[in-house]
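Here is the structure we will look at, set down as structure tokens.
Letters A, B, ... are given to chains in the order of the sequence lines, protein chains preceding strands, and every chain is numbered from 1. Given the structure is predicted, the values throughout are model-derived calculations rather than measurements.
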Amino acid sequence: MTRLSQLLLPTEREPPADAEALSHKLMVRAGLVRQVGAGLWTWLPAGYRVHQKIVQIVREEIDAIGGQEMLMPVLQPAELWKRSGRYDIDELFKLKDRKGADMVLALSHEECVTTHMAQFVRSYRDLPRILYHFQVKERDEPRPRAGVLRTREFIMKDSYSFDRDLEGLDASYDLHVEAYARIFDRTGLEWYSVESDVGMMGGIGAHEYMAPCAAGENEVALAPGYAANVEVAAAEAQPVALPDPLASPETVHTPGATTIDEVARMLGVQPGALLKAYPVVADGRGLVLVLVRGDHRVNDIKLTNALGAAFRPAHDDEVRDRIGPPGYIGPVGANVHVLLDTAVTYGGYVVGANEPDHHLRGVEPGRDFAFERGDVRSVVVGDRVDGHEITIEPAIEVGNIFKLGTRYSEPLGAMYLDVDGAQRPIWMGSYGIGPARIAAAAVEQFADEKGISWPRALAPWDVEIVALGKAGSEELAAAEGLYRELRAIGLDVLLDDRDVGPGVKFADAELLGCPLRLTVGRRSLQDGRAEAQRRRGLDDVEGGVPLEGAAEAVAELWRSLP
RNA sequence: CGGGGAGUGGCGCAGUCUGGUAGCGCACCCGGCUGGGGGCCGGGCGGUCGCAGGUUCAAAUCCUGUCUCCCCGACCA
């Protein structure tokens with residue numbers, strides 16, 4: 001019998017002083033987690049029950065698409081990572097063993113699982129396969145934050161698919177899309193999937209699964225039928241009032257005006273009528289002058305994708321030599337390749353004149369300078385997709401799926417012999433889910449001023465029984481009887497049998513957030529009933545439940561909960 | 001890595017400027033009352049003031065160094 005009097009559930013009246021995010025405050029206050037160091041957390045018994053409920057949902061759904069659960073080590077020889085080219089990632093924890101050999105703590109398991117498949121797979125007959133595990137990931141994050149939301153150590157479900165070709169990979173990917181939809185639906189979270197950047201994993205396609213909430217670190221652009229991470233979102237820009245180009249660019253005196261706002265004010269035009277110049281040096285391409293509308297911002301990820309290469313901002317002396325004085329640079333007459341954002345339409349723009357304290361007015365892209373087109377700006381609220389204005393909201397990334405292609409199989413030698421006798425690399429996908437983030441997102445999405453309100457699929461216990469009498473009382477005996485009845489039909493029950501006042505018990509129950517609370521006290525006991533309250537909305541059940549045959553009534557109530 | 005803030009009993013804080021026997025609330029222990037929303041009365045336990053060094057008759061307080069944690073930004077498969 002899970003008695004609160006025996007349980008390690010250290011609830012706190014006040015949140016930790018340094019906590020900011022709601023889930024951080026509430027998960028600590030409710031006694032679910034405790035901090036050990038920056039980004040390092042212990043899951044206390046009640047918190048770990050939540051974690052394990054999530055794990056079990058994920059396990060059932062990945063099993064259902066043919067995933068095979070296994071377990072790979074966290075501590076790995078550095079050699080694997082040197083071969084895959086990921087050894088130099090800053091987030092990778094590196095260490096030496098007693099013999100001086102380089103080791104790493106895995107931040108994901110592509111290297112390990114791919115190495116195994118290189119050993120096992122001989123023929124196309126050995127494919128496809130889906131393998132997965134729940135295992136600790138170690139990442140030396142520059143800034144852990146918000147409690148359990150961004151940590152340096154966390155458990156992740158990562159699955160990996162192995163196929164003959166892109167068609168096979170697409171099929172495995174689609175299986176995960178279906179499994180993920182079932183998983184996130186079952187958790188009770190509000191969620192959606194978005195297009196995302198393939199990032200440093202390398203790859204040919206990716207989606208992220210997002211749970212919207214205030215503490216989220218990602219920004220998502222949303223419109224009817226559209227959802228994308230702002231990192232990669234594309235939308236039609238709001239039009240800006242533009243003068244026509246002049247017959248030829250006119251030089252104007254703009255002393256001291258080096259910012260968009262200063263120039264726009266001085267010349268009496270909208271910021272959007274300027275072209276913002278962002279000089280970068282791209283790997284293998286050299287200096288490139290990126291131009292976006294003055295009211296837009298360059299998006300580094302989209303720019304990297306448009307350039308097809310990593311880049312860094314150009315240094316002042318590189319700009320001075322090749323283009324003009326910093327603060328007054330522009331594309332006209334500059335000896336540099338120009339990348340023009342797609343949101344820049346026909347019109348007469350203001351650009352830097354490449355001489356101090358001067359700009360050019362009436363400049364027409366194409367006529368006055370040559371350019372390459374690229375979508376390199378960040379979308380902003382009010383942009384449109386299919387005619388609908390987008391909104392941008394914060395969200396937690398709770399899962400992601402990647403089409404890796406042969407990015408790991410080639411360097412790690414995971415090959416198979418195809419029907420035609422040719423040796424080919426295996427096509428891979430990788431698919432992650434963070435149970436801790438799902439828990440935190442659920443707290444964020446459903447908490448109220450009293451505390452947590454778990455979706456029933458994630459709650460540490462299905463039902464909390466608050467017994468109001470003290471030890472040896474009639475109330476407590478009745479509560480214990482109720483406990484046994486509910487257990488017998490398979491409900492997880494927590495019994496608050498502590499010798500404390502009713503206020504403390506109610507407050508703790510609301511903090512902990514089990515979806516259904518039953519109260520056994522003198523009042524209702526006289527009528528042979530227990531009071532019942534749904535946690536979501538603190539909604540009292542009319543008349544409560546009868547103690548006689550309680551199990552049926554409670555089970556029915558339970559099934560009706562969110 | 002840049003900027004800001006904080007380390008004083010289990011938690012939340014005051015005390016530091018202006019050096020002089022370390023305090024408050026909650027929690028905890030004992031006794032009693034109370035018993036449907038964090039209740040009341042009385043009595044208690046518990047802190048080398050993050051760490052190291054220095055100044056001083058005397059350091060939580062001043063100086064130097066260092067460690068840790070938080071927030072914003074950068075960063076973030």
Side-chain angles (χ1 to χ4, degrees), chain A residues 8 10-21 24-25 28-29 31 34-41 81 84-86 88-92 106-111 137-147 149-152 154 156 158 160 196-203 206 208 215-219 229 231 300-301 312-313 396-397 399-404 407-408 428-434 450-451 466-471 473-476 496 498-511 517 519-526 530-531 533 538 540 544:
Chain A
L8 180 66
T11 56
E12 297 287 346
R13 190 183 286 235
E14 293 180 76
D18 50 23
E20 200 69 26
H24 182 183
K25 292 177 181 171
V28 171
R29 282 191 57 208
R34 276 301 151 91
Q35 185 168 20
V36 177
L40 301 170
W41 290 82
W81 294 71
S84 71
R86 292 210 298 173
D88 294 325
I89 292 175
D90 290 333
E91 282 72 29
L92 186 64
L107 52 72
S108 68
H109 283 77
E110 280 82 359
E111 282 80 2
K137 304 290 176 262
E138 304 283 351
R139 297 183 186 181
D140 196 359
E141 293 287 348
R143 186 152 98 81
R145 61 176 289 274
L149 230 43
R150 181 165 212 86
T151 56
R152 292 195 291 176
F154 59 96
M156 182 182 221
D158 39 328
Y160 303 92
S196 69
D197 184 55
V198 294
M200 78 186 201
M201 292 285 284
E208 288 167 340
E217 299 188 279
N218 294 83
E219 289 192 312
N229 195 318
E231 290 176 346
D300 287 356
I301 290 173
R312 61 168 172 84
I396 296 178
E397 181 187 347
N400 54 35
I401 55 181
F402 286 89
K403 291 182 187 176
L404 292 172
R407 190 245 172 270
Y408 291 92
M428 290 176 53
S430 80
Y431 316 87
I433 285 184
K450 297 288 190 180
V466 172
L468 288 181
K470 47 188 160 189
S473 67
E474 191 187 348
E475 293 97 314
L476 190 55
D496 191 348
R498 293 175 299 172
D499 186 17
V500 296
V504 173
K505 294 186 179 186
F506 291 138
D508 276 352
E510 281 150 9
L511 225 202
R517 185 181 83 198
T519 304
V520 181
R522 249 204 311 271
R523 262 185 215 166
S524 61
L525 206 50
Q526 291 168 344
E531 288 143 78
Q533 187 186 68
L538 297 173
D540 284 318

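- You won't find any donor-acceptor pair under 3.5 Å spanning the side chain of A:Arg498 and the base of B:G35, going by distance alone.
- Under the Watson-Crick and G-U wobble criteria, each requiring two contacts below 3.5 Å, nucleotide B:G19 is left unpaired.
- Here B:U55 sits opposite no nucleotide as a Watson-Crick or G-U wobble pair (both hydrogen-bonding atom distances under 3.5 Å).
- Atom P of nucleotide B:C76 and atom CG of A:Asn229 are separated by 13 Å, given to the nearest angstrom.
- A:Arg407 has no carboxylate O lying under 4.0 Å from a charged side-chain N of A:Glu110, or vice versa, which leaves the two without a salt bridge.
- Pair assignment for B:G2: B:C72, on the basis of Watson-Crick or G-U wobble contacts that are both within less than 3.5 Å.
- Checking B:G25 for Watson-Crick or G-U wobble geometry (two distances, each under 3.5 Å) identifies B:C11 as its partner.
- Among the heavy atoms of the strands lying under 4.0 Å from A:Glu510 is at least one base atom, whether or not backbone atoms are also near.
- Taking atom CG of A:Asp140 as the reference point, atom P of B:C1 lies 11 Å away to the nearest angstrom.
- Taking the salt bridge (Lys or Arg N to Asp or Glu O under 4.0 Å) definition, one finds that A:Glu208 meets it with nothing, sequence neighbours left out.
- By the 4.0 Å N-to-carboxylate-O rule, A:Glu12 lies close enough to A:Arg34 to be salt-bridged with it.
- Considering only residues two or more places apart in sequence or on other chains, A:Arg522 meets the salt bridge (Lys or Arg N to Asp or Glu O under 4.0 Å) condition with none of them.
- Pairing of B:G35, defined by two Watson-Crick or G-U wobble distances under 3.5 Å, is not identified with any nucleotide.
- Taking the P atom of each, B:C30 and B:G19 are spaced 44 Å apart, rounded to whole Å.
- Comparing the P positions of B:U68 and B:G37 gives an interatomic distance of 48 Å, to the nearest angstrom.
- Evaluation of the salt bridge (Lys or Arg N to Asp or Glu O under 4.0 Å) rule for A:Arg29 yields no partner, not counting sequence neighbours.
- Nucleotide B:C76 holds its P atom 12 Å from the CD atom of A:Glu217, rounded to whole Å.
- Nucleic acid contact for A:Asp499: base, since at least one base atom lies under 4.0 Å from a heavy atom of the residue.
- Rounded to an integer number of Å, the gap from CD of A:Glu141 to C1' of B:C69 is 17 Å.
- A:Asn229 has its side chain out of reach of A:Glu397: every pair of non-hydrogen atoms, C-beta onward, lies at least 4.5 Å apart.
- Counting non-hydrogen atoms under 4.0 angstrom, A:Ser473 reaches nothing in the nucleic acid.
- A search for ring pair (Phe, Tyr, Trp, His ring centres under 6.0 Å) contacts involving A:Tyr160 returns nothing, not counting sequence neighbours.
- Rounded to whole Å, the C1' atom of B:G54 lies 30 Å from the corresponding atom of B:C70.
- Using a 4.0 Å heavy-atom cutoff across all strands shown, A:Gln35 reaches sugar-phosphate atoms only and no base atom.
- One atom, CD of A:Glu231, and another, P of B:C76, lie 9 Å apart when rounded to the nearest Å.
- One P atom belongs to B:G9, the other to B:G15, and the distance between them is 15 Å to the nearest Å.
- With sequence neighbours excluded, the residues that form a side-chain contact (heavy atoms from CB on, under 4.5 Å) with A:Arg150 are A:Glu141, A:Arg145, A:Glu217, A:Arg437.
- Nucleic acid contact for A:Val500: base, since at least one base atom lies under 4.0 Å from a heavy atom of the residue.
- By the side-chain contact (heavy atoms from CB on, under 4.5 Å) test, A:Asp540 pairs with A:Gln533, sequence neighbours left out.
- When heavy atoms are screened at a 4.0 angstrom cut-off, A:Lys470 is found touching base atoms of the nucleic acid.
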Pairs under 3.5 Å (N/O, protein and nucleotides 23-25 of chain B):
none

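- Every residue two or more places apart in sequence or in another chain that forms a salt bridge (Lys or Arg N to Asp or Glu O under 4.0 Å) with A:Arg152 is listed here: A:Asp140.
- Going from atom CD of A:Glu474 over to atom P of B:G36 covers 15 Å, rounded to whole Å.
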What are the atom names and distances for every N/O pair under 3.5 Å that joins the protein to nucleotides 38-44 of chain B?
| unit_1 | atom_1 | unit_2 | atom_2 | d |
| --- | --- | --- | --- | --- |
| B:G38 | O2' | A:Arg13 | NH1 | 3.1 |
| B:G38 | O2' | A:Arg13 | NH2 | 2.7 |
| B:G38 | N2 | A:Asp508 | OD1 | 3.3 |

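- Across all strands shown, A:Pro10 has no heavy atoms under 4.0 Å from either base or sugar-phosphate atoms.
- Rounding to the nearest 0.5 Å places CG of A:Leu149 at 13.0 Å from CD of A:Glu20.
- Among residues two or more places apart in sequence or in another chain, the side-chain contact (heavy atoms from CB on, under 4.5 Å) test is passed with A:Thr519 by A:Val466, A:Leu468, A:Phe506, A:Arg517, A:Glu531.
- Nucleic acid contact for A:Asp90: none, since no nucleic acid atom lies under 4.0 Å from a heavy atom of the residue.
- Of the P atoms belonging to B:C62 and B:C17, the separation is 5 Å, rounded to the nearest Å.
- Under the Watson-Crick or G-U wobble criterion, with both distances below 3.5 Å, B:G42 is paired with B:C30.
- Taking the C1' atom of each, B:G20 and B:A74 are spaced 47 Å apart, rounded to whole Å.
- Comparing the same atom, P, in B:C49 and in B:A59 gives a spacing of 11 Å after rounding to whole Å.
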Would you list the protein and nucleotides 71-74 of chain B atom pairs, both N or O, that sit under 3.5 Å from each other?
| unit_1 | atom_1 | unit_2 | atom_2 | d |
| --- | --- | --- | --- | --- |
| B:C71 | OP1 | A:Ala146 | N | 3.4 |
| B:C72 | OP2 | A:Arg143 | NH1 | 3.1 |
| B:C72 | OP2 | A:Arg143 | NH2 | 2.7 |

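- Residues meeting the side-chain contact (heavy atoms from CB on, under 4.5 Å) test with A:Lys470, sequence neighbours left out: A:Asp499.
- For A:Gly432 and A:Ser524, each mapped to the nucleotide of RNA chain B holding its nearest heavy atom, the one lying further toward the 5' end belongs to A:Ser524.
- Distance check, rounded to the nearest 0.5 Å: CG of A:Leu107 to CD of A:Glu91 gives 7.5 Å.
- Going from atom NZ of A:Lys25 over to atom C1' of B:G12 covers 13 Å, rounded to whole Å.
- Side-chain proximity of A:Glu91 to the nucleotides B:G36, B:C69, B:C76 is greatest for B:C76.
- Both A:Phe154 and A:Arg517 lie close to RNA chain B; mapped to their nearest nucleotides by heavy-atom distance, the more 5′-ward contact belongs to A:Arg517.
- One P atom belongs to B:C28, the other to B:G10, and the distance between them is 15 Å to the nearest Å.
- Set against B:C76, B:G37, B:C70, the side chain of A:Phe506 has B:G37 as its closest nucleotide.
- The interatomic distance linking A:Gln533 (CD) with B:G36 (P) rounds to 17 Å, in whole Å.
- Of the inter-residue distances, the one linking A:Tyr408 atom OH with A:Ser108 atom OG reads 6.0 Å to the nearest 0.5 angstrom.
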